[in-house]
Amino acid sequence: MNNSNAGESLTSCDLLIRNIHLATMDPARASTSPDLHQQSASCPYNSISQGAILVRGGKIVWAGAESELPPASGAIETIDGQGQWLTPGLIDCHTHLVYAGDRSREFEQRLEGVSYETIAKQGGGILSTVKATRAATVEALVDDSRPRLEALLAEGVTTLEVKSGYGLDTETETKMLQAASQLASEYPVTVVRTFLGAHALPPEYRNRADDYIEHVCTEMMPVVAKGQLADAVDVFCENIAFSPEQTERVFKAAKKHGLKIKLHGEQLSDSGGTQLAVKYQALSVDHLEYLSQSGIEALKNSNTVATLLPGAFYFLRETKLPPIDALREAGIPIAIATDLNPGTSPLASIRLMMNMACTLFRMTPSEALAGCTRNAAQALGLQEKTGQIKEGLDADLLLWPVSHPASLAAGLTGISPSLIIKHGQIVKSTISRNQPFSWSGRIDQETDTQAAQRWHQKVHPYTPSSEQGVALLGFESDEGVRRNQGRLGAAKGPDHIRQALTNLPWNRNAPVWDAANIRCHGTDLEQAQQNYAGKMCELLDNGQLVVGLGGGHEIGWASYQGLMMHLEKQKKGKGSHPINVGIINVDAHFDLRLPEVGPSSGTPFWQASEYAREQNIPFNYLCLGISESSNTQALFNRADELGVTYRLDKEMTLVNLPSLQQALQQFIDQVDHIYLTIDIDAFPASLAPGVSAPAARGIPLEVVEPLLDIIKHSGKLKLFDIAETCPKHDIDSHTARLAARLIHQLAGQNP
């Protein structure tokens with residue numbers, strides 16, 4: 001999907017969305033991360049993990065892995081997608097959205113035992129809708145249709161088809177199509193209008209179907225075509241509607257007027273309508289419960305889409321399933337649509353259709369999503385404009401707060417898009433529309449301006465081409481703290497620490513980069529840790545000293561994973577010497593808990609010990625500041641069993657500093673690489689009030705800083721992170737200032 005010639009054209013884009021996963025639905029793209037979906041070769045969503053997208057002029061101009069973002073690319077507006085999933089806008093390719101009247105009483109009558117025939121004799125059924133629609137004005141039809149359209153738009157529908165068919169006379173059919181056009185002009189949606197004059201036989205033509213078809217072809221259709229009111233023509237070819245011969249007459253007239261063709265077919269019987277539709281290069285044939293093998297063969301050798309309508313199947317309590325397996329085997333594109341109408345599918349929910357397609361028709365979630373994106377676009381003749389995340393197509397995009405795109409079909413739990421984009425314009429957004437933090441602050445007016453520089457003047461956004469230096473990487477997560485029953489708020493810590501860094505004096509020669517934040521969305525901590533580890537590995541591969549900004553101390557497992565991924569890459573082809581990492585944790589807690597409700601802020605180093613055991617590598621773990629009042633005997637026992645070296649908080653004194661320095665140096669000497677992690681709640685509450693668990697005693701800063709100097713000058717420090725900063729409890733930003741001071745010390749260069 002990456003455009004190798006795009007570099008020169010990506011310098012002034014309108015919009016960049018980064019820190020996202022993309023379900024591109026582009027079959028030309030194999031997954032860049034097959035393990036993410038447990039696929040051996042490719043992902044059914046054609047996904048890009050940890051991706052980004054650029055939009056300009058309403059079009060997608062680049063999409064790919066964020067690590068491959070062209071260096072020269074720039075955008076007027078940047079959105080941090082917070083690790084959410086980006087999909088194409090949803091497409092409802094078969095609706096009868098515009099109508100008047102209400103038939104809910106008929107629904108009740110049928111359940112009370114009244115037959116459809118009796119209801120029809122009482123003036124009900126489709127003729128009830130025809131009567132109400134004929135009586136309505138264009139304005140009334142628009143007003144009646146608004147709630148239905150708005151329900152679809154709220155779910156992320158950016159394109160839909162609207163059929164006429166409830167007028168069955170020239171005046172009303174044109175009114176319906178005019179109403180559809182007016183809705184398209186008022187809402188951020190593409191509307192494809194379809195003339196369905198041959199929907200049913202109107203009462204004035206009772207027993208004169210041939211005469212009515214003649215009226216459709218010679219009087220109604222010319223008016224529709226001349227007024228450019230429709231894009232396509234549809235026919236209901238069924239034993240209760242119109243025969244194949246009558247249908248073909250309509251198709252011939254449509255061709256004469258330059259209108260595309262669609263078909264309602266094989267819903268109640270095998271009429272052979274599919275073969276006829278293929279003969280006339282129809283965009284789609286819809287319903288298809290009674291589709292025969294000869295119909296499948298016809299579709300197989302065409303570009304016609306098979307559109308399934310599970311809402312009508314459900315509402316009518318049908319039992320004849322469409323031949324899904326045969327359609328799959330033939331490689332026929334399958335679309336999914338609501339068939340939104342007043343009588344047989346009064347359901348304004350495309351996501352409900354996705355769920356029904358899976359539960360009733362046994363389609364997979366990826367097939368359901370393709371059915372209302374890529375294949376639905378083809379069913380409307382719009383495959384060159386929308387339906388995929390692909391360069392050159394319209395930027396009709398949805399960002400979903402889910403951990404996996406299967407969620408869109410798997411349930412109906414109130415999830416809605418956090419971002420809706422139509423033609424590159426933001427229609428809805430519930431997330432920050434700008435970068436999460438802006439580096440700005442005081443500028444000193446000194447004669448030696450270089451000697452007066454501050455952090456905010458020197459930090460720049462990280463790109464894959466950034467030279468070696470220090471990279472700040474935030475982890476927006478509270479989920480581990482929540483699972484560990486701690487005080488929430490650390491998810492806002494990364495930018496809180498950045499703010500405390502802004503005005504600190506610059507003390508480096510090498511550059512510092514901001515690699516932004518990885519966010520834990522909802523409760524999916526495991527995915528967030530995986531995303532963070534991947535980004536960490538990328539930064540380490542690029543030679544950066546990574547500074548992790550927590551987040552809860554669940555950042556520890558994420559950082560450790562990223563470091564091990566990096567070191568395992570380096571080790572390839574370099575013999576059998578085991579990876580020998582030393583973890584140094586400045587903390588009141590061992591964080592060696594066994595997972596109770598999954599990994600948490602209390603489990604990261606137990607997870608690291610398990611990894612080391614499974615990989616048969618050393619587990620070197622030094623804890624400085626352990627509190628006897630914060631760890632159970634079971635945790636002390638586990639620390640002893642794992643060979644953990646630790647010093648109690650009461651031992652962390654200036655008197656004991658030489659002994660502490662010696663023990664630290666001995667630990668460093670036995671490892672090849674150091675991962676340093678600082679839980680800021682190890683310090684006294686007077687220094688660090690804004691933490692998840694304030695310390696009653698804590699360890700003195702004057703003892704910790706000399707120890708950090710030893711680690712810094714060892715030449716073995718690969719990364720360090722600072723966790724548990726909780727802004728909403730941080731009195732006068734004391735905690736953030738402490739975190740910034742420690743970063744300033746560890747990342748700085750000596751004079």
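Side-chain atoms of Asn631 come within 3.5 Å of backbone N or O of Ala588 as a donor-acceptor pair. In this structure a side-chain-to-backbone donor-acceptor pair under 3.5 Å is missing from Thr603 to Trp606. Side-chain atoms of Asn542 come within 3.5 Å of backbone N or O of Ser466 as a donor-acceptor pair. In this structure a side-chain-to-backbone donor-acceptor pair under 3.5 Å is present from Gln544 to Glu467. Checked by atom type and distance alone, the side chain of Ser429 pairs as donor or acceptor with a backbone atom of Ile431 at under 3.5 Å. The main-chain N or O of Arg454 is found under 3.5 Å from a side-chain atom of Gln457 such that the two form a donor-acceptor pair. With Lys716 contributing its side chain and Val671 its backbone, the two residues share a donor-acceptor pair below 3.5 Å. With hydrogens and angles disregarded, no donor-acceptor distance shorter than 3.5 Å links the side chain of Asn503 to the backbone of Gly441. Side chain of His456 to main chain of Arg442: a donor-acceptor pair is present (N/O by atom type, distance under 3.5 Å, no hydrogens or angles). A distance-only check finds a donor-acceptor pair linking the side chain of Asp730 to the backbone of Ala736 [under 3.5 Å].
Summarising the geometry, atom CD belonging to Gln84 is positioned 9.0 Å from atom CG belonging to Asn19; distances are rounded to the nearest 0.5 Å. In this structure, the separation between NZ on Lys650 and CG on Asn656 is 11.5 Å, given to the nearest 0.5 Å. Taken from CG in Leu549 to CD1 in Ile722, the straight-line distance is 7.5 Å, to the nearest 0.5 Å. Note: Ile699 CD1 to Ser627 OG = 11.0 Å, rounded to the nearest 0.5 Å. For the atom pair Asn484 CG and Asp478 CG, the distance stands at 12.0 Å (nearest 0.5 Å). Gln662 CD to Leu664 CG: the interatomic distance, rounded to the nearest 0.5 Å, is 11.0 Å.
Within 6.0 Å of NZ in Lys492 there are 12 or fewer heavy atoms belonging to other residues, nucleotides or ligands. Applying the 6.0 Å contact sphere to CD of Gln745 captures more than 12 heavy atoms from other residues, nucleotides or ligands. Summarising the local packing, CG of Leu654 is surrounded by more than 12 heavy atoms from other residues, nucleotides or ligands at distances under 6.0 Å. Shown here is Asn616, whose CG atom has no more than 12 heavy atoms of other residues, nucleotides or ligands within 6.0 Å.
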Go through the steps for Asp495 and Gln499 under the test side chain to side chain donor-acceptor pair (under 3.5 Å), then give the verdict. CA-CA 6 Å; Asp495 287 352; Gln499 186 61 53; over 6 Å; no
Might you work through the side chain to side chain contact (heavy atoms under 4.5 Å, CB included) test for Leu567 and Leu540, ending with a clear yes or no? CA-CA 9 Å; Leu567 293 176; Leu540 292 171; over 6 Å; no
Does the pair Gln527 and Ser403 meet the rule for a side chain to side chain donor-acceptor pair (under 3.5 Å), with working shown? CA-CA 7 Å; Gln527 182 63 60; Ser403 60; over 6 Å; no
Show the numbers, then the answer: is there a side chain to side chain donor-acceptor pair (under 3.5 Å) between Asn580 and Asn620? CA-CA 8 Å; Asn580 190 12; Asn620 304 298; 2.6 Å; yes
Could you please spell out the steps behind the side chain to side chain contact (heavy atoms under 4.5 Å, CB included) verdict for Trp439 and Leu501? CA-CA 9 Å; Trp439 289 93; Leu501 278 168; 4.1 Å; yes
Evaluate side chain to side chain contact (heavy atoms under 4.5 Å, CB included) for Arg498 paired with Val459, printing each intermediate quantity in order. CA-CA 10 Å; Arg498 285 184 176 94; Val459 180; over 6 Å; no
Run Leu69 and Thr463 through side chain to side chain contact (heavy atoms under 4.5 Å, CB included) and show every step you take. CA-CA 8 Å; Leu69 196 64; Thr463 69; over 6 Å; no
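For the side chain to side chain donor-acceptor pair (under 3.5 Å) test, residues two or more places apart in sequence or in another chain that qualify with Asn585 are Asp587, Tyr621. Partners of Trp557 by side chain to side chain donor-acceptor pair (under 3.5 Å), not counting sequence neighbours: none found.
In this structure, the side chains of Gln529 and Gln561 come closer than 4.5 Å at one or more pairs of heavy atoms. Side chains of Val55 and Leu397 form a contact here, defined as non-hydrogen atoms less than 4.5 Å apart. At a threshold of 4.5 Å between non-hydrogen side-chain atoms, the residues Phe619 and Ile583 count as touching. Glu68 places none of its side-chain heavy atoms less than 4.5 Å from the side chain of Pro464. Contact of the Asp721 side chain with the Phe475 side chain is not registered, since no non-hydrogen atoms from C-beta on lie closer than 4.5 Å. Side-chain contact between His566 and Lys718 is present, with heavy atoms from C-beta onward closer than 4.5 Å. Residues Ile743 and Val470 form no side-chain contact, since every pair of their non-hydrogen atoms from C-beta on lies 4.5 Å or further apart. Counting only heavy atoms from C-beta outward, the side chains of Ile674 and Ser714 approach each other to under 4.5 Å.
By the 4.0 Å N-to-carboxylate-O rule, Asp709 lies too far from Lys712 to be salt-bridged with it. Under a 4.0 Å N-O distance rule, the pair Asp732/Arg737 does not qualify as a salt bridge. Taking 4.0 Å as the cut-off between side-chain N and carboxylate O, Arg638 and Glu641 do not count as a salt-bridged pair.
Residue Tyr532 comes nearest to Ala558 through the heavy atom pair CD2-CB, 3.5 Å, listed as atom of the first residue, atom of the second, then distance. Annotation for Pro706 and Gln661: closest pair CB-NE2, 3.9 Å, computed over non-hydrogen atoms. Counting all heavy atoms, side chain and backbone alike, Pro578 lies closest to Pro618 at CB-CD, 4.4 Å. Thr735 and Gly690 make their closest contact through OG1-N, 2.7 Å (heavy atoms, listed as atom of the first residue, atom of the second, distance). Taking both residues in full, the closest heavy atoms of Leu473 and Met536 are given as CD2-N, 4.0 Å, listed atom of the first, atom of the second, then distance. Closest non-hydrogen pair, Gln50 versus Gln530, comes out as NE2-O, 4.1 Å.
Of the candidates His729, Glu724, Arg487, Ser692 forms a side chain to side chain donor-acceptor pair (under 3.5 Å) with just one, namely Glu724. If you run side chain to side chain contact (heavy atoms under 4.5 Å, CB included) between Trp85 and each of Pro401, Ser47, Ser407, only Ser47 comes through.
Using the six-membered ring where Trp is involved, His744 and Trp455 have ring planes that are tilted, between 30° and 60° apart. Between Phe590 and Tyr646, the ring planes are perpendicular. Angles over 60° get that label, and only those under 30° would be called parallel. Aromatic ring orientation, Tyr45 versus His404: perpendicular (interplanar angle above 60°, classes split at 30° and 60°).
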All N/O donor-acceptor pairs, side-chain side in residues 679-687, below 3.5 Å, sequence neighbours left out:
unit_1: Asp679; atom_1: OD1; unit_2: Asp681; atom_2: N; d: 3.1
unit_1: Asp679; atom_1: OD2; unit_2: His553; atom_2: ND1; d: 3.2

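Checking Glu554 against Ser477 by side-chain atom types alone, a donor-acceptor pair falls below 3.5 Å.
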